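Please read all numbers here as calculations on a predicted model, not as lab measurements.
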Protein chains: 2
Amino acid sequence: MPRIVGQIDQAKSQAILDAAAEVLGTGGLSAPMDEIARRAGVSKQTIYNHYGSKAELIRAIVDRRVEEIAAPLLAPGAQDHPQEALAGFGRVMLELVLRPLGRSMLKMTVQAADDMPDLARAFYEAGPRTSRRRLADFLRQETLAGRLAVDDPDQAADFFAGMVIGVRQIAGLLGVEQAAEPEVIERVAQEAARRFMRAYGID
Amino acid sequence: MPRIVGQIDQAKSQAILDAAAEVLGTGGLSAPMDEIARRAGVSKQTIYNHYGSKAELIRAIVDRRVEEIAAPLLAPGAQDHPQEALAGFGRVMLELVLRPLGRSMLKMTVQAADDMPDLARAFYEAGPRTSRRRLADFLRQETLAGRLAVDDPDQAADFFAGMVIGVRQIAGLLGVEQAAEPEVIERVAQEAARRFMRAYGID
DNA sequence: AATGAGCTGGACTATTGAGTCCATTTTTCG
DNA sequence: CGAAAAATGGACTCAATAGTCCAGCTCATT
């Protein structure tokens, strides 16, 4: 989202955004603008031409990702058995949390939270809040259909999301390395869905 | 843990540590040393006499708390019914996460993670890791006693901790305000324990 | 070819904050 | 009491970094 709309090179805007996400995500928000410029293969002035300040650059990074975050969280297609749908939810959430992109985005937002509370809130709404809401809607619907017996869908959604994400999110923030292999993701999502069914099944 | 051991005033050491925890916890790690000095009612030079640098001061804050964190996570006394013990675990974990002290400690550690990975790791071990381990031990033991049917205690412990903590930890880091009333804590802990029993009960 | 918008690179300013210095005062303790 | 240790406070140095400036360069369009 360049500030000046003339012959500005859109490809450069992207390159800057990518480089900034990379640099700020790994090195922290205090990483210098010069390094971003170097990484993007662009002069510092150009960054300031495209985005007006470091804060706006950070905002642009998060804004771009925020749109992508909510996308995969669409309610999964109604399956025969809700357990499959739950596992699908779990898989998507775990991937969001474990992938480097989701990680660095969260780290950035947490670091920025003190100075840019609105940004932190927007991220919270788009990520954690939206995922819980969609999940709660699904649980409500399945309960109405008689396939689950969930009395408090919001709480249950929080429980399930917590089971799946577990300690992984905070470990990522603390830089404690963790496996993100697809098999692990699949296993955790499946098992969480299975246990959730026992906890909230109709039997 | 003053660096120079002469006639140094221990009370001042504490005052500095308290002020630093307060200032750095609320304002972020970039809060200036001058403000800490002001808040502690002490000259800046005195801080440097007691702790050699800002990094060491941060370390001292975290080290002090790390010892306190693990303390309440002692295995609860064996109850008649494991559900009560689980609820107790949940209550303690939630309190750690929701109290301002635990919050600011986590925030500080996350912010410092880039520059002081060893500190982040120590915090991770003392907090999240220890709590899961103790919980897993408890589950193992209850399974041996025939009161639970947990096949993978580590995973189950992670599930339970995740249910209880849920979205609250990340919300705290993002500065999205949340209730920490005792009734809420109690209700969540009880319900999580109840659902966990259904998911992992012997029946 | 000429134009002009955007880009480069590197020097420059201004600010902020860690850590030091030091002359003076206060506290501790033999 | 008197000396040594510690604390004060305020000025100081030094490094890092956001953001600006500018002279010369690139390149698409006409």
Side-chain angles (χ1 to χ4, degrees), chain A residues 1-62 108 111-116 119, chain B residues 1-62 107-108 111-112 114-116 119:
Chain A
M1 203 171 285
R3 315 193 64 207
I4 301 167
V5 282
Q7 304 177 5
I8 276 196
D9 191 339
Q10 297 297 328
K12 271 197 210 308
S13 278
Q14 279 305 313
I16 293 170
L17 222 51
D18 290 340
E22 167 76 20
V23 170
L24 297 177
T26 58
L29 285 191
S30 59
M33 292 293 269
D34 295 83
E35 195 186 328
I36 297 172
R38 204 165 41 72
R39 180 66 140 269
V42 137
S43 82
K44 195 163 53 152
Q45 183 60 58
T46 299
I47 297 182
Y48 282 94
N49 285 346
H50 284 240
Y51 309 91
S53 66
K54 191 174 189 176
E56 286 179 71
L57 177 58
I58 292 167
R59 218 171 270 282
I61 296 170
V62 175
M108 280 181 49
Q111 285 184 355
D114 285 329
D115 297 328
M116 309 163 79
L119 187 73
Chain B
M1 205 173 281
R3 316 195 61 208
I4 302 167
V5 282
Q7 303 178 5
I8 276 196
D9 192 338
Q10 297 297 327
K12 271 197 209 311
S13 277
Q14 278 305 314
I16 293 170
L17 222 49
D18 290 340
E22 166 77 19
V23 170
L24 297 177
T26 57
L29 285 193
S30 59
M33 292 293 268
D34 296 82
E35 194 185 328
I36 296 173
R38 205 165 40 70
R39 181 66 140 268
V42 137
S43 82
K44 194 165 52 154
Q45 183 60 58
T46 299
I47 298 182
Y48 283 93
N49 285 344
H50 285 240
Y51 309 90
S53 67
K54 192 174 189 176
E56 285 180 70
L57 177 58
I58 292 168
R59 219 170 270 282
I61 296 170
V62 176
K107 210 171 86 176
M108 281 181 50
Q111 284 184 354
D114 285 329
D115 297 326
M116 309 161 80
L119 188 72

I'd like to compare against my own output: the B/S/- annotation of nucleotides 16-24 of chain C with a strict under-4.0 Å heavy-atom distance to protein.
--SBBB---
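- In terms of phosphate contacts, Thr46(A) brings a side-chain nitrogen or oxygen within less than 4.0 Å of OP1 or OP2 of dT8(C).
- Applying the salt bridge (Lys or Arg N to Asp or Glu O under 4.0 Å) criterion to Asp115(A), with sequence neighbours excluded, gives no partner residue.
- What separates CD1 of Ile47(A) from P of dG9(C) is a distance of 12 Å, to the nearest Å.
- Listed for the Tyr51(B) side chain is no donor-acceptor partner under 3.5 Å among the backbone atoms of Ile58(B).
- At whole-Å resolution of the value, CD1 in Ile16(B) and C1' in dT8(D) are 13 Å apart.
- Ala20(A) approaches Ile61(A) most closely through the heavy-atom pair CB-CD1, 3.6 Å.
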For residues 23-40 of chain B, which side-chain donor-acceptor pairs fall under 3.5 Å, sequence neighbours excluded?
residue	atom	partner	partner atom	Å
Thr26(B)	OG1	Glu22(B)	O	2.9
Thr26(B)	OG1	Val23(B)	O	3.4
Arg39(B)	NH2	Glu22(B)	OE2	3.2

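- Of the inter-residue distances, the one linking His50(B) atom NE2 with Gln45(B) atom CD reads 10.5 Å to the nearest 0.5 angstrom.
- Counting to the nearest Å, the P atom of dG6(C) and the NZ atom of Lys12(A) are 13 Å from each other.
- Within the 4.0 Å cut-off from OP1 or OP2 of dA7(D), at least one side-chain nitrogen or oxygen of His50(B) is found.
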Let's go through Asp114(A) and Lys107(B) carefully: what are the C-alpha distance in whole Å and the side-chain angles of both, what is the deciding distance for side-chain contact (heavy atoms from CB on, under 4.5 Å) to 0.1 Å, and is it a yes or a no?
CA-CA 10 Å; Asp114(A) 285 329; Lys107(B) 210 171 86 176; 3.0 Å; yes
